[in-house]
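Residue numbers start at 1 and run along the sequence shown.
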Amino acid sequence: MTTPEVALEPPAFGVAGCGVLGAVISSFLFGYSICVLNSCMDLIAVALEWCGNDWQSDCIGSRTRQGLVNASLYLGAAIGALLIGRPTVA
């Protein structure tokens, strides 16, 4: 007596599908956050008067501070993800 062969289909959202979906959403959010941050950096520099007046935003001190603000946001996010992810791995 032989058993009929059943064709197995892979799941629609397996491990690879979830990985790809996460990568696509992450890429979109990363690009969106960079665009939003870069568009309002000049306004932050003017509001905080990093160039010494209330209309200029492109002096060297302002550019340096804008870079530090941008870097600190992403470094803080990476450190937070490491701290949150570490206890769940162990």
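- Smallest separation of non-hydrogen atoms from Val46 and Asp54: CG1-O, 3.3 Å.
- Crowding of Ile60 atom CD1: a count of heavy atoms from other residues, nucleotides or ligands under 6.0 Å not exceeding 12.
- Under the side chain to side chain contact (heavy atoms under 4.5 Å, CB included) test applied with Cys51, the options Arg65, Arg63, Gln56 reduce to a single match, Gln56.
- Linking ILVMFWY residues whenever their side-chain heavy atoms come closer than 4.5 Å, directly or via other members, places Val69 and Ile44 in the same cluster.
- Every residue two or more places apart in sequence or in another chain that forms a side-chain contact (heavy atoms from CB on, under 4.5 Å) with Leu21 is listed here: Ile25.
- Distance check: Leu75 CG to Leu68 CG gives 10.0 Å after rounding to the nearest 0.5 Å.
- Although no hydrogens or angles enter the test, the distance criterion places no donor-acceptor pair under 3.5 Å between the side chain of Ser62 and the main chain of Trp50.
- In terms of heavy-atom proximity, Met41 sits nearest to Gln66 at O-NE2, 3.6 Å.
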